[in-house]
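Worksheet for the structure shown next.
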Amino acid sequence: MNCKKILKSATAITLCGCMLAGSNAFSPEMLTQNNSVIANALNASDFDYYNNFESGEGEWESRGGATVAISSDNTFEGSKSLFVSGRSDSWTGSQMALGSKFTAGSSYSFSVAVSPSGKKASEMMLSIQYNVGGEAQYGHIGSMTVQPGKWGVISTSEFTLPDNGTDFVLYVETASGTSDFYVDEIAVGSVGAVNDNIVFGTKLGDIDGDECVSAFDFTMLRFYINNPLMSAPSSADINSDKVIDIADAVLLEEYLFAKITEFPEPPVVVEPEDDFEYIKNMQFKEFPGNYTSDCAQQGKVVKEYYTSCHGNKQTSANVYLPYGYDENEKYNIFYLMHGGGENQDTLFSNDVNLHKILDHMIMNGDIEPMIVVTPTFYSSNEGDFWQELLQNLIPHVEGKYSTYAESTSLEDIKASRYHRAFGGFSMGSVCTWHTLINAIDYIAYFMPLSGDSWVGNSADEKAQNIVNAIKKSGYGPDEYFIFCATGSDDIAYPNIAPQVEAMKKYTNEFIYTSDLSEGNFYFLVAPGKTHWWGYVVHYVYDILPSFFHEHQ
Ligand code: FER
């Protein structure tokens with residue numbers, strides 16, 4: 001017996017009332033390893049439209065320039081699915097014209113299996129576009145939030161094609177973001193052809209959504225345990241530990257046999273809100289013209305003196321505290337290094353005006369209020385400044401101002417690494433690559449600007465040395481982020497561009513995209529720009545908003 005039939009019979013019985021515990025609904029042969037919830041019960045010919053992509057894309061084509069291809073990497077059933085990639089916006093994806101078989105004003109049932117790639121859950125949507133009086137209109141047939149790599153089935157038993165519409169186009173998109181996704185087993189039929197018992201309950205234990213907790217829920221739970229690729233509803237996570245497993249089955253069984261009368265209280269978890277919209281293929285953009293003028297909400301630059309471990313020398317750094325700085329709040333912190341012949345004052349001088357740009361970026365919501373520190377490598381040198389950074393500068397600044405470091409112990413500096421960035425221009429960029437190689441344990445975001453790594457001779461050797469350091473750290477590609485930039489006419493371009501190309505070959509360590517929810521490595525090239533802070537400060541404006549959103 002397959003799942004579909006289980007669902008159908010469950011409905012038939014539970015319509016008459018909640019089924020009693022202890023029936024033979026527990027029998028293991030009722031479970032199936034087969035994911036197919038649609039085609040097993042009904043023949044493809046039972047539907048007005050059916051495609052499981054086993055013999056090609058069929059009518060499915062690109063929507064909005066996305067790439068659409070048959071894949072055997074991840075399937076819901078059978079050996080093939082439709083893979084949609086290269087999406088530039090949430091509405092892009094794959095589509096098909098419904099054709100004349102489907103008529104305006106008529107109702108149909110729809111079902112499609114979907115599986116997002118990437119690292120984040122995606123709200124997947126089955127949508128419809130149509131024409132009214134020459135104007136495109138859009139509607140959503142159904143949606144479902146699906147974990148990456150898992151399958152979910154969007155299923156709607158009755159959707160009426162608007163009666164004033166023509167040219168209906170069915171498409172799969174995401175509510176937001178541009179992650180790749182897979183589509184499989186799509187069916188459109190007369191009302192009732194698609195089983196919408198796949199609409200789940202939300203109450204713990206009521207997995208089939210019939211408003212009672214019964215033996216059928218136990219059967220469904222075992223189905224999900226046996227089919228980990230199926231996206232299970234949260235009502236199946238009986239012990240609220242975010243994993244659907246035998247521990248949930250044990251609890252449900254105890255409940256059904258009245259050994260317990262209620263499930264454990266789910267913990268109250270307040271997830272931090274972060275709806276930042278990354279750009280996938282970022283292009284150079286200048287900040288608005290007024291960003292270097294005095295801002296209505298000005299931060300403060302303070303000079304901090306400390307002793308460097310190199311030669312026990314007194315040195316200083318400037319610390320930008322955002323407008324409204326409050327020592328009871330926690331702030332992300334960005335260390336930004338000057339270039340050769342410059343010093344710790346260069347960036348907050350009237351030449352570069354980084355402080356004013358930061359004021360405007362914060363006031364306009366481009367970035368959250370953050371602390372920005374401009375040190376100098378001249379108390380050490382660019383190659384071993386990272387020692388002064390870890391031993392002296394971070395403890396001094398983060399011991400005094402409020403960051404995510406709970407204390408200045410190396411352990412707490414490490415624990416707050418997702419709230420710390422390091423970048424630099426030219427020799428400051430050389431310094432940034434050294435810092436990446438030596439201090440990745442303490443910093444998760446890096447911004448090398450117009451300067452290559454000097455650890456190694458050839459581009460391949462430089463890439464290899466960076467990869468070796470990353471491998472040694474044990475961090476995965478979702479745990480560090482490198483966002484480089486330069487101008488196409490910058491004297492450093494011929495140095496950094498080949499290094500970036502060499503790094504791209506290490507696909508385990510670097511996933512190339514400016515969407516840091518999907519990858520961790522990008523190289524922004526500003527057309528025609530040369531080796532000058534006057535240009536480089538725009539790269540800071542472009543890149544900084546993408547920092548500090550991962551692992552909040
Ligand atoms: C580069 C890295 C650093 C580069 C120049 C520098 C020309 C710095 C030079 C200096 O400050 O003297 O890739 O490319």
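Whatever order the structure lists them in is the order used to number ligands and atoms, beginning at 1.
Residue contact check: V430 has heavy atoms under 4.0 Å from atoms 2 (C), 3 (C) of ligand 1. Short contacts between ligand 1 and S426, defined as distances under 4.0 Å to a heavy atom of the residue, involve ligand atoms 3 (C), 6 (C), 8 (C), 9 (C), 11 (O). Close approach of ligand 1 to G451 (heavy-atom distance below 4.0 Å) involves ligand atoms 1 (C), 2 (C), 13 (O). When each atom of ligand 1 is checked for a heavy atom of G340 under 4.0 Å away, the hits are 11 (O).
Note that atom 14 (O) of ligand 1 has protein non-hydrogen atoms nearby, at separations under 4.0 angstrom.
The shortest side-chain heavy-atom distance between E388 and F377 does not fall under the 4.5 Å cut-off. Contact of the F547 side chain with the N332 side chain is not registered, since no non-hydrogen atoms from C-beta on lie closer than 4.5 Å. Counting only heavy atoms from C-beta outward, the side chains of L354 and V537 approach each other to under 4.5 Å.
Ranking the protein heavy atoms by distance from atom 10 (C) of ligand 1 puts M427 CG, 3.8 Å first. D452 OD1, 3.4 Å is the protein heavy atom nearest to atom 1 (C) of ligand 1.
Residue N495 places at least one N or O, backbone or side chain, under 3.5 Å from an N or O of ligand 1. For ligand 1, the polar-atom distance check finds no N/O of S450 at less than 3.5 Å from any of the ligand's N/O atoms.
Salt bridge status for E368 with K330: absent, with no side-chain N to carboxylate O gap under 4.0 Å. We find that D294 and K356 are joined by a salt bridge, their nearest charged nitrogen and carboxylate oxygen being less than 4.0 Å apart.
Both cation-pi conditions hold for R63 and Y171: the charged atom is under 6.0 angstrom from the six-membered ring centre and inside a 45 degree cone around its axis. Annotation: cation-pi pair K80/F53 absent, no NZ/CZ under 6.0 Å from the ring centroid and within 45° of its normal.
Distance alone, capped at 3.5 Å, places no donor-acceptor pair between the D359 side chain and the Q298 backbone.
Using a 4.0 Å heavy-atom cutoff, I496 is absent from the residues neighbouring ligand 1.
Looking at I491 against ligand 1, both its backbone and its side chain come within 4.0 Å, counting heavy atoms.
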